[in-house]
Amino acid sequence: MDEFDLIRKIDHLTKDGEDVEVGIGDDAAVVSGFENNRLISCVDTLCEDVHFKRSTLKLTDIGYKALAVNLSDIAAMGGIPRYYLVSLAIPADWDEAEIIEIYRGMNELADRYQVTLIGGDSVTSKGPLTISVTVLGEIEKDHALLRSTSQEGDVVFVSGALGKSSAGLDILFSKGLEGKRSADEEELVFAHQRPCPQVELGRMLMKSGVRIALNDISDGLSAEIWELAEASRARICLEEDKIPVSKEAINIFGKSGALEYALNGGEDFQLVGTVAREHWSAIQLNAYENGITLSAIGTVAGRGSEVLIQKNNEWMPLKRAGYRHQ
Ligand SMILES: Nc1ncnc2c1ncn2[C@@H]1O[C@H](COP(=O)(O)OP(=O)(O)OP(=O)(O)O)[C@@H](O)[C@H]1O
Ligand SMILES: Cc1ncc(C[n+]2csc(CCOP(=O)(O)O)c2C)c(N)n1
Ligand SMILES: [Mg+2]
Ligand SMILES: [Mg+2]
Ligand SMILES: [Mg+2]
């Protein structure tokens with residue numbers, strides 16, 4: 001595969017935004033920048049055999065997901081994604097047409113959120129295929145939603161239903177990409193392959209103007225709630241039976257199997273946060289009116305850096321057992 005040929009094809013595939021003064025084709029990109037807002041940036045990487053296999057994601061899904069996980073981090077800050085850069089380390093057994101397919105998937109999501117590809121890097125890999133995406137965006141000055149602002153008395157909330165992605169992954173592991181699937185299985189597999197970054201929800205929460213601590217769920221609810229507790233030095237108490245566990249996962253894996261996926265599976269890319277009790281109803285209603293379900297799953301009970309969970313009327317420490325790279 002010729003590096004320059006590939007870059008030319010990628011360039012043709014993507015649209016140039018008007019505010020991109022120099023895009024693909026020079027040593028670095030130049031964009032016009034933001035008049036009043038701050039620059040917000042993040043990078044996350046997908047690695048073959050760690051984040052996906054050819055038997056779990058189609059080529060277009062790999063691209064879609066590589067961008068989605070980054071839009072999720074921008075969402076978790078309340079920002080607006082604008083530009084992205086893609087770094088690829090490509091092993092010899094991947095051909096150009098396959099890489100272009102990955103870009104087609106990325107493009108699909110980029111078009112939906114109007115984020116523009118402004119550059120990247122392509123190198124040979126002697127190991128697995130690795131895709132690293134950097135997203136640049138904007139956020140109103142002093143309005144980023146941090147992990148560190150939870151306070152005593154806050155309601156702890158989470159968006160959507162949890163556990164779908166990792167339940168979907170197990171279905172893919174047992175049935176492969178092309179296996180026959182029930183409607184429930186299809187829903188779970190789709191959630192794994194095409195996670196929906198909660199950008200609109202992040203913006204809605206930011207625009208509410210109230211203090212909200214926020215995090216996105218990449219490693220599982222247990223890991224992300226612990227991150228909030230530690231960043232805010234908060235003592236968080238969750239009620240197990242309030243956690244919105246995927247119905248489809250319950251149908252297939254039973255209540256406790258589905259709860260395990262919700263707590264420790266990861267890659268749901270929903271948002272978990274805390275907000276003062278007096279603002280909770282309005283926030284929940286506003287989300288509802290925009291087609292998003294928010295569930296109250298607990299409270300910030302005081303200071304500390306710990307998470308407790310109530311099961312069958314008994315409180316116990318929540319095990320932080322989400323995904324962790326070794
Ligand atoms: N290798 C690194 N060098 C510098 N900073 C890093 C590195 N890895 C992570 N960070 C920083 O650490 C913080 C937490 O990163 P982390 O990747 O855990 O968050 P996340 O993207 O929300 O989680 P995930 O990667 O599971 O989606 C971020 O500020 C990130 O920029
Ligand atoms: C083939 C295959 N095996 C396992 C997994 C599960 N997985 C990998 S990384 C991760 C957490 C998020 O990653 P990060 O912390 O890097 O953002 C999870 C839950 C998968 N998706 N595909
Ligand atoms: Mg990260
Ligand atoms: Mg994150
Ligand atoms: Mg992330």
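Counting starts at 1 for both ligands and their atoms, in listed order. Bear in mind the structure is a predicted one, so any value in this text is a computation, not a measurement.
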Does the distance from a Lys or Arg side-chain N to an Asp or Glu carboxylate O, for R320 and E230, drop under 4.0 Å? yes
To the nearest 0.5 angstrom, please state how far the OG atom of S72 sits from the CE atom of M77. 12.0 Å
Using the ring of each side chain (for Trp, its six-membered ring), is F157 parallel, tilted or perpendicular to W280, with breaks at 30° and 60°? parallel
Under the side chain to side chain contact (heavy atoms under 4.5 Å, CB included) test against F52, which residue among L129, L172, D61 passes? L129
Start with the C-alpha gap between D154 and R211, add the side-chain angles, then the distance that decides, and say whether salt bridge (Lys or Arg N to Asp or Glu O under 4.0 Å) holds. CA-CA 10 Å; D154 282 4; R211 173 186 55 77; 2.8 Å; yes
Out of curiosity, does L57 fall in the hydrophobic cluster containing L169 (side-chain heavy atoms, cut-off under 4.5 Å, transitive links)? no
Contact residues of ligand 1 (heavy atom under 4.0 Å), by chain and number: D44, D73, R147, D216, S218, D219
Is there a salt bridge (Lys or Arg N to Asp or Glu O under 4.0 Å) between E3 and R8? Walk through the geometry before answering. CA-CA 9 Å; E3 178 188 345; R8 213 164 350 97; over 6 Å; no
Within the 2.8 Å cut-off the protein N, O or S neighbours of the Mg ion (ligand 5) are D44 OD2, D73 OD2
Where do R82 and L136 land on the side chain to side chain contact (heavy atoms under 4.5 Å, CB included) test, with the steps shown first? CA-CA 6 Å; R82 292 291 190 210; L136 308 176; 5.8 Å; no
Classify the ring geometry between F253 and Y261 as parallel (under 30°), tilted (30 to 60°) or perpendicular (over 60°). perpendicular
